[in-house]
Amino acid sequence: MPSLKIYNIFPFEPVKGEGVTLIDRNGKKYIDLVSGLGVNLLGYNDKYIKKILSHTPSIIHLSNLYYSSLREEVADMLGNLTDLDYVFFTNSGTEANEAGLKFAWKSKKGKFIALTDSFHGRTLGSYSLSHLFSHQDFPRIKADIKFIDTENYDDLKREGKDAAIIMFEPIQGAGGVKPLTREAAEIMSDLQKSGVILFADEVQSGLGRTGKFLACEHYNLKPDIVTLAKGLGGGLPLGAVIMKKNIAEKVSIGDHGSTMGGNMLSLRLAKEVLRRLNSGLIEYVQKLGEYIDNKYKDKFKIRGKGLFRGFDINNADTVQVKMINRGFLINILRKKTIRLLPPLIITKETIDSFFENIEDIIE
Ligand SMILES: *Cc1c(COP(=O)(O)O)cnc(C)c1O
């Protein structure tokens with residue numbers, strides 16, 4: 001039985017990884033600037049992650065029925081990094097968003113606002129708030145959902161007035177690596193002051209990827225709810241909904257749950273990921289981000305921050321194939337945008353070699 005054809009997959013098979021490099025069955029090396037869709041923050045074959053995995057714990061899965069000091073330890077680390085108060089662990093980004101939507105709803109019932117080109121996940125709740133899929137014909141949740149073009153500030157102000165929840169990505173990922181504008185952030189911050197719940201989906205932009213722990217920090221936004229996933233579990237499935245105390249206080253026993261969410265092995269790796277982010281990795285990403293801005297931003301009209309980058313080119317699909325032949329894995333969005341989500345441990349030299357090669361191809 002073949003696996004379902006629902007992704008356009010490349011024909012080569014990576015079988016080994018080292019740092020930012022993947023090696024295929026024939027020994028060909030690829031610089032991986034996609035890192036498992038933004039998951040492999042520490043690259044491949046990280047020695048600390050390997051060390052943790054070599055001591056298999058006797059409990060891999062515990063369930064949320066029992067107290068876990070490991071769970072509380074990771075929760076504390078997330079609290080210190082975000083200034084938020086409570087966390088619930090899930091297995092994935094979309095699950096974190098589903099949980100967050102339910103928690104937000106407990107505090108404030110009413111109209112949801114999401115942004116044009118948004119992507120929040122593939123399950124029906126997250127999907128309902130994903131404008132990127134507005135052409136698709138799946139059922140949406142029965143709720144008042146308004147999609148606002150972020151740069152239509154009058155719409156945002158008007159629709160925001162009687163909204164309950166605004167869900168947004170501070171830098172849109174799948175929608176084309178589009179950062180929120182300062183103006184939109186300011187309007188959202190004002191709406192928050194008048195009682196609207198700000199829900200930041202940082203599944204892609206969080207965890208140091210932009211040179212801050214949360215991309216919202218670039219805008220001085222302090223959302224009421226934040227979701228994380230992708231790299232949180234160091235390659236194992238793990239997501240998190242992090243929220244302010246007033247949101248958490250409205251959630252009752254039984255309102256939500258997860259059998260596998262926050263399994264012990266994923267949490268162990270999360271502790272290591274967070275430790276590394278805390279010991280200089282975020283500042284490292286910030287420096288590399290400045291390097292990219294200084295050297296390449298004008299030339300390629302690059303959007304985004306830190307190591308979360310996108311720029312548009314002609315014939316992106318053809319360029320991608322040429323880059324793969326030269327040993328660079330890149331991601332293409334909507335046939336025109338190159339999205340870069342490299343491991344956070346990438347070096348300046350590797351970044352330079354990527355840009356030299358792409359320049360050579362597109363000229
Ligand atoms: C990847 C992503 C999701 C979905 O995460 P999954 O783990 O695939 O469910 C949700 N929101 C954003 C912004 C993402 O980039």
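Atoms within a ligand are numbered from 1 in the order they appear, just like the ligands themselves.
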Does any N or O in the side chain of [X] come within less than 3.5 Å of the main-chain N or O of [Y], such that one atom is a donor and the other an acceptor?
X	Y	result
K108	I165	no
N64	S258	yes
S130	L132	no
N263	S266	yes

Pairs of nitrogen or oxygen atoms closer than 3.5 Å, one from [X] and one from ligand 1: do any exist?
X	result
G93	yes
E95	no
E169	no

Identify, by atom number and element, the atoms of ligand 1 in contact range of [X], meaning under 4.0 Å from any of its heavy atoms.
X	answer
H120	10 (C), 11 (N)
N97	10 (C), 11 (N)
D201	10 (C), 11 (N), 12 (C), 13 (C)
S92	7 (O), 9 (O)

Axial cation check for Y127 ring with R140, 6.0 Å and 45° limits: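 Ring-cation test returns yes.
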Taking the six-membered ring for Trp and the full ring for Phe, Tyr or His, determine whether the centres of F311 and Y296 are under 6.0 Å apart.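 No, too far apart.
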F133 and F119: aromatic ring centres closer than 6.0 Å?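 Under 6.0 Å, so yes.
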Hey, looking at atom 4 (C) of ligand 1, which of L232, T90, T94 has the closest heavy atom?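 Answer by nearest heavy atom: T94.
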I want to confirm something. Looking only at heavy atoms, which of Q172, K230, E98 is nearest to atom 15 (O) of ligand 1?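 The nearest heavy atom belongs to K230.
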Side chain, backbone, both or neither: which applies to E202 and ligand 1 if a contact is any heavy-atom pair less than 4.0 Å apart?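 E202 to ligand 1: no contact under 4.0 Å from either part.
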